Amino acid sequence: ASLTNGAASVFRIGLDRAYGASAQCDKTATAAVAKIMVEGDEHIYILDSDDIFLSRLSAIKKRFESYHRAYNVQRAGIESYGGQDVADWAATQAYAAGAETIHPTRQAKYSAFMLLWQAAAEGRLHIHPKFKPLIEEMRVFEVIEDGKSDTGSGQASIPKFSHPRGGHDDYLHALVWAVYSMRTVT
């Protein structure tokens, strides 16, 4: 209650899973976020952004359980890439109705990143400076206009959201999937 000061709020978690000991040094990252009404506007607060050593399912479960205990999480956004076992397990939890497996198509990523960008541009995204890896990923993240769309979608060009060559986007994707899982909640 002290976090929200009685305001309407929802809490979400996100997961970007990497394969343990990947050649690209990717990390499995989790994020916990809150959407809190502040003077009639929906503000997004990053409550946690961290990685899971070696991408172990048991450690991911523990992290999700700690988020649920701490924040009464109602939804989870789990990237489908490498996350099916997590999604299967999340479907048995108290927030099962809000557990969503997200396929990272260009369209889904575009929609998700635009939600995050809009909140940031309007001053509604709040990130504590202690989340240095997330902030660094956000600082160098790129939007690339390459004229492509989702394969076979027939849609016009959709920008590609990516890290620079040799960079990473694990913490950022965990955050964006948590935010995206709130897209239908007002």
Side-chain angles (χ1 to χ4, degrees), residues 1-17 28-52 57 59-105 107-131 133-135 137-138 141 161 169-186:
S2 62
L3 176 66
T4 64
N5 201 24
S9 59
V10 292
F11 296 86
R12 305 295 189 247
I13 49 184
L15 173 71
D16 178 47
R17 191 170 191 191
T28 292
T30 60
V33 301
K35 183 191 287 187
I36 302 172
M37 290 300 292
V38 177
E39 297 177 1
D41 291 322
E42 296 174 340
H43 286 245
I44 298 169
Y45 292 84
I46 288 75
L47 307 173
D48 191 46
S49 175
D50 205 354
D51 59 76
I52 303 285
L57 178 59
I60 295 168
K61 288 178 179 180
K62 279 185 175 181
R63 178 76 50 78
F64 276 32
E65 288 167 349
S66 72
Y67 288 159
H68 183 66
R69 280 191 309 276
Y71 309 117
N72 190 28
V73 168
Q74 299 101 1
R75 289 183 181 241
I78 302 165
E79 184 177 307
S80 63
Y81 179 77
Q84 191 58 53
D85 57 344
V86 179
D88 291 345
W89 170 79
T92 68
Q93 300 306 299
Y95 46 86
E100 177 181 9
T101 302
I102 302 167
H103 301 281
T105 63
Q107 183 61 54
K109 288 176 81 169
Y110 177 79
S111 297
F113 279 104
M114 290 308 294
L115 288 170
L116 189 65
W117 176 83
Q118 184 176 9
E122 295 173 358
R124 299 181 296 105
L125 179 63
H126 307 276
I127 306 171
H128 193 281
K130 72 181 179 182
F131 300 125
L134 171 63
I135 293 167
E137 287 181 0
M138 292 177 87
F141 205 66
F161 292 81
D169 57 12
D170 311 303
Y171 298 97
L172 184 52
H173 271 96
L175 169 61
V176 84
W177 297 137
V179 171
Y180 187 64
S181 76
M182 296 188 286
R183 68 193 177 282
T184 60
V185 179
T186 57

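On a predicted model such as this, the values are computed, not experimentally measured, just so you know.
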L15 side, atom CG; S181 side, atom OG - distance, nearest 0.5 Å: 11.5 Å
Within the structure provided, determine whether L116 and L172 are in side-chain contact (heavy-atom separation under 4.5 Å). yes
Given the rule in the side-chain contact (heavy atoms from CB on, under 4.5 Å) test, do Y180 and L115 qualify, once you have shown the distances and angles that lead to the verdict? CA-CA 7 Å; Y180 187 64; L115 288 170; 4.0 Å; yes
For F113, what residues pass the ring pair (Phe, Tyr, Trp, His ring centres under 6.0 Å) criterion, not counting sequence neighbours? F141, F161, H173
Quick one: sort the Y67 and Y71 rings into parallel, tilted or perpendicular, breaks at 30° and 60°. tilted
Go through it in stages, so that I can follow the logic: the residues are L57 and R17, the test is side-chain contact (heavy atoms from CB on, under 4.5 Å), and I'd like the CA-CA distance, side-chain angles, deciding distance and then a yes or no. CA-CA 10 Å; L57 178 59; R17 191 170 191 191; 4.1 Å; yes
Beyond-backbone contact of D51 with D170, side-chain heavy atoms, under 4.5 angstrom: no
Is the closest side-chain heavy-atom distance between H126 and V38 below 4.5 Å? no
Which atom of A178 lies closest to which atom of A31, heavy atoms considered: CB-O, 4.3 Å
Worked verdict on I46 versus L125 for side-chain contact (heavy atoms from CB on, under 4.5 Å): CA-CA 8 Å; I46 288 75; L125 179 63; 3.4 Å; yes
Donor-acceptor pairs are to be reported for all side-chain atoms of residues 77-84 against protein atoms at under 3.5 Å, with residues two or more places apart or in another chain.
from : atom 1 : to   : atom 2 : distance (Å)
E79  : OE1    : W177 : NE1    : 2.7
S80  : OG     : I102 : O      : 3.4
S80  : OG     : H103 : ND1    : 3.2
Q84  : NE2    : D88  : OD1    : 2.8

What is the minimum heavy-atom distance between A90 and A99, and which atoms define it? CB-CB, 4.0 Å
Reported NZ-to-OG distance for the pair K35 and S9, which is rounded to 0.5 angstrom: 11.0 Å
List the steps and the verdict of side-chain contact (heavy atoms from CB on, under 4.5 Å) for Q74 and R12. CA-CA 6 Å; Q74 299 101 1; R12 305 295 189 247; 2.9 Å; yes
First locate atom OG1 of T105, then atom OH of Y110, and finally report the distance between them rounded to the nearest 0.5 Å. 13.0 Å
Interatomic distance, R75 atom CZ to R183 atom CZ [nearest 0.5 angstrom]: 8.0 Å
Is there side-chain contact between D41 and E122, with at least one heavy-atom pair below 4.5 Å? no
To the nearest 0.5 Å, tell me how far K61 NZ sits from H68 NE2. 15.5 Å
What heavy-atom pair brings D16 and A174 nearest, and what distance separates the two atoms? CB-N, 3.7 Å
With side chains defined as the heavy atoms from C-beta onward, is the minimum distance between F11 and L47 less than 4.5 Å? yes
What is the distance from atom OG of S49 to atom NE2 of H128, rounded to the nearest 0.5 Å? 13.0 Å
Would you say W89 and I60 make side-chain contact, with heavy atoms under 4.5 Å? no
Does T30 reach the side chain of I52, with side-chain heavy atoms less than 4.5 Å apart? yes
Contact check, side chains of T28 and R63, non-hydrogen atoms, under 4.5 Å: no
Between F64 and V86 the two heavy atoms that sit nearest each other are CE2-CG1, 4.1 Å
